[in-house]
Asks: 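Have a look at this one before I ask anything.
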Amino acid sequence: MSVPDDQPHTRTRYPTGEQPPEPAARRPLRTLAAVLVVVVVLVGAVAVLNRTSGSPTGSPAGSGTSGDGAGSGSGTGDGTGKSTAATGTTPVTTTQNGIAVGFPHTGEGAQSAAVNYAVALGSAEMYSTATRKTIVTTVADPSAASRLLGRFDPSYTALGKRLGLDDGKARSGLVFISRTVPVGTKADGYSADRATVEVWTTGLIGLSGQSSTAPVTEYWQTSTIQLHWTSNDWKVVDVSTKDGPTPVSGSQVASSAQDIAGAVTQFGGFRYAR
C-alpha cells in the first residue's frame with residue numbers, strides 16, 4: 001500500500017560512526033570489484049617486469065639460426081648456451097652442391113660450418129650412393145674424404161635396406177624422410193687450423209605413407225665434428241655421434257602420414273650461422 005504525500009514521514013538518525021548494516025546483496029558485488037582491481041594491478045606489474053627483464057636480442061638462449069644465409073649469430077661464440085647476438089660478420093652466402101661453404105676463419109665460423117655439415121650428413125640424400133659421395137666430398141677435408149666414405153657407405157646402405165629403400169629411393173606410394181634440425185652448438189676446442197664442435201640436433205626419419213612399416217619418428221643426438229682449416233674453409237676430418245640429450249615427449253597427437261609428407265616437401269630447410 002502506498003503512503004500519501006501528505007502523510008508524515010519518520011526519519012531515523014544514527015549516531016556518528018554508526019550506520020545501518022549494508023544489504024547482503026551488495027556485498028558480493030563489492031568483493032568482486034576488489035578482486036578485479038587486484039588482478040589488474042598484478043597483470044600490469046608482470047607486464048612491466050617482462051618488458052624490463054627480457055632478452056635484449058629477442059632470441060632464445062643458444063639460438064643463432066638464419067634462413068637462407070640471412071643473419072649471423074653469437075656475440076661471444078663461447079658455446080655456454082647464453083643468448084646470442086648478431087656480430088656484424090657477413091653471413092655465408094656461397095654454396096657448393098647445395099651446401100653452404102666458405103666459412104670465416106674464426107671460432108664462430110667453425111661452429112657455423114659444423115652445424116651446416118651436420119644437416120647435410122643427416123639428410124635423405126646420404127642414403128643414395130651417388131649423392132652421398134657428393135655430400136662427403138663437399139664437406140670433408142680432401143685427405144679424409146675416402147676414409148669417411150669407407151665408414152659411411154656400409155652404415156647408410158644397411159640402414160636404408162632396413163627401411164626398405166632401394167639406394168635411397170622408397171617404393172611407390174611412400175615418401176622417405178630424413179631431416180636433421182640443429183638445436184645448438186658447443187665449441188670443445190679451437191686453434192688456428194683445428195676445431196672441435198658438438199652439434200645437438202633433433203630430427204625425423206622414416207617412411208610416410210599408408211602402407212609404411214617404418215613410420216616417421218623423431219630422434220635426438222649429438223654429433224662431435226672435428227674440422228680442419230684448409231683451402232680457406234673449414235672441412236670435416238672426423239665425425240662421431242651419440243644419442244641425446246633427449247627431452248620428455250610431449251602430449252601432442254601425431255599427425256597423419258599425409259600431413260607429415262606434405263610438410264617435409266612444403267617446408268624447406270635453412271642455412272645456419274652461430
Side-chain angles (χ1 to χ4, degrees), residues 65 95-100 114-140 144-185 198-225 236 238-272:
T65 62
T95 62
Q96 181 181 348
N97 299 315
I99 303 170
V115 74
N116 281 279
Y117 295 162
V119 170
L121 293 171
S123 66
E125 288 73 22
M126 284 292 290
Y127 291 81
S128 167
T129 302
T131 52
R132 178 168 59 246
K133 182 177 182 180
T134 299
I135 292 172
V136 172
T137 54
T138 300
V139 306
S146 296
R147 174 173 51 82
L148 291 174
L149 275 172
R151 283 172 44 194
F152 291 151
D153 282 341
S155 59
Y156 278 96
T157 299
L159 180 55
K161 287 182 177 179
R162 288 201 298 270
L163 291 169
L165 302 176
D166 180 10
D167 194 28
K169 295 180 181 179
R171 66 179 184 271
S172 178
L174 298 176
V175 176
F176 173 55
I177 297 169
S178 179
R179 181 177 291 192
T180 297
V181 182
V183 178
T185 63
E198 289 187 60
V199 184
W200 181 29
T201 64
T202 183
L204 305 172
I205 189 168
L207 293 167
S208 180
Q210 296 299 324
S211 61
S212 173
T213 58
V216 178
T217 59
E218 66 174 343
Y219 63 86
W220 292 81
Q221 64 182 25
T222 299
S223 296
T224 300
I225 301 178
V236 178
D238 202 7
V239 181
S240 61
T241 303
K242 63 181 180 181
D243 291 339
T246 305
V248 176
S249 296
S251 58
Q252 292 176 288
V253 177
S255 299
S256 67
Q258 182 179 0
D259 288 342
I260 293 294
V264 170
T265 56
Q266 294 167 15
F267 290 85
F270 293 87
R271 298 191 194 117
Y272 297 84

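This is a predicted model, so every value here is computed, not measured.
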Asks: What pair of heavy atoms forms the shortest contact from V183 to T202, and how long is it?
Replies: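 That would be CG2-N, 4.0 Å.
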Asks: Could you check whether any side-chain N or O of R132 sits under 3.5 Å from a backbone N or O of T157, counting only pairs where one atom can act as donor and the other as acceptor?
Replies: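 Flag not set: sc R132 to bb T157 has no pair under 3.5 Å.
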Asks: Is there a donor-acceptor pair closer than 3.5 Å between any side-chain N or O of T222 and the backbone N or O of W200?
Replies: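 The answer is no, because no donor-acceptor pair under 3.5 Å joins these two groups.
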Asks: Quick one: does any side-chain atom of T185 pair with a main-chain N or O of E198 as donor and acceptor, under 3.5 Å?
Replies: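 Absent.
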Asks: In the structure I gave you, are the side-chain heavy atoms of V199 and T180 within less than 4.5 Å of one another anywhere?
Replies: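 No. Closest side-chain heavy atoms not under 4.5 Å.
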Asks: List the steps and the verdict of side-chain hydrogen bond (donor to acceptor under 3.5 Å, both in side chains) for E125 and S123.
Replies: CA-CA 5 Å; E125 288 73 22; S123 66; 3.2 Å; yes
Asks: Please check if the side chain of D167 supplies one atom and the backbone of S128 the other of a donor-acceptor pair under 3.5 Å.
Replies: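 Between the backbone of S128 and the side chain of D167 there is no qualifying donor-acceptor contact (under 3.5 Å).
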Asks: What pair of heavy atoms forms the shortest contact from S208 to I177, and how long is it?
Replies: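 So the two residues come closest at CB-CD1, 3.9 Å.
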Asks: If you look at every heavy atom in L149 and P154, which pair is closest and at what distance?
Replies: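 Heavy atoms of L149 and P154 come nearest at O-CD, 4.3 Å.
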Asks: Is T131 reaching over with its side chain to a backbone N or O of Y127, donor-acceptor style, under 3.5 angstrom?
Replies: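 Judged by distance alone, no pair lies under 3.5 Å.
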Asks: Could you tell me whether N97 atom CG has more than 12 heavy atoms of other residues or ligands within 6.0 Å of it?
Replies: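 Yes, because the 6.0 Å sphere around CG of N97 holds more than 12 heavy atoms from other groups.
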Asks: Report the distance from atom CG of D153 to atom OG1 of T129, rounding to the nearest 0.5 Å.
Replies: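 The OG1 atom of T129 is 6.5 Å from CG of D153, to the nearest 0.5 Å.
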Asks: Apply side chain to side chain contact (heavy atoms under 4.5 Å, CB included) to residues R147 and D238 and explain how you reach the verdict.
Replies: CA-CA 9 Å; R147 174 173 51 82; D238 202 7; 3.9 Å; yes
Asks: Apply the test side chain to side chain contact (heavy atoms under 4.5 Å, CB included) to residues L121 and M126: give CA-CA distance (whole Å), side-chain angles for both, the deciding distance (0.1 Å), then the verdict.
Replies: CA-CA 6 Å; L121 293 171; M126 284 292 290; 3.9 Å; yes
Asks: Let me see the working for V264 and V175 under side chain to side chain contact (heavy atoms under 4.5 Å, CB included), right down to the final yes or no.
Replies: CA-CA 10 Å; V264 170; V175 176; 5.9 Å; no
Asks: What's the separation between atom OG1 in T213 and atom CG in L174, rounded to the nearest 0.5 Å?
Replies: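 Interatomic distance, T213 OG1 to L174 CG, rounded to 0.5 Å: 8.0 Å.
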Asks: Please report the shortest heavy-atom distance between G122 and S178, naming the atom on each side.
Replies: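 Minimum heavy-atom separation between G122 and S178: O-OG, 2.9 Å.
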Asks: Side-chain contact, heavy-atom cut-off 4.5 Å: T217 with I205?
Replies: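 Yes, their side chains come closer than 4.5 Å.
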Asks: Go through the steps to decide whether E218 and V181 satisfy the test side chain to side chain contact (heavy atoms under 4.5 Å, CB included), and finish with yes or no.
Replies: CA-CA 11 Å; E218 66 174 343; V181 182; over 6 Å; no
Asks: Hey, are the side chains of T224 and K242 touching, using non-hydrogen atoms and a 4.5 Å cut-off?
Replies: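 The answer is no, as the side chains (C-beta and beyond) never meet within the 4.5 Å cut-off.
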Asks: Please give me the minimum heavy-atom distance between L207 and S212, naming the atom from each residue.
Replies: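 In terms of heavy atoms, the two residues are closest at O-OG, 2.7 Å.
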Asks: Hey, could you give me the CZ/CZ distance between F176 and R171, rounded to the nearest 0.5 Å?
Replies: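 The CZ atom of F176 sits 13.0 Å away from the CZ atom of R171.
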Asks: To check you understand the geometry: which heavy-atom pair defines the closest contact between F152 and V136, and what is its length?
Replies: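 That closest heavy-atom pairing would be CD1-CG2, 3.7 Å.
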Asks: For Q96, look at atom CD and say whether over 12 heavy atoms of other residues, nucleotides or ligands are found less than 6.0 Å away.
Replies: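 Yes, because the 6.0 Å sphere around CD of Q96 holds more than 12 heavy atoms from other groups.
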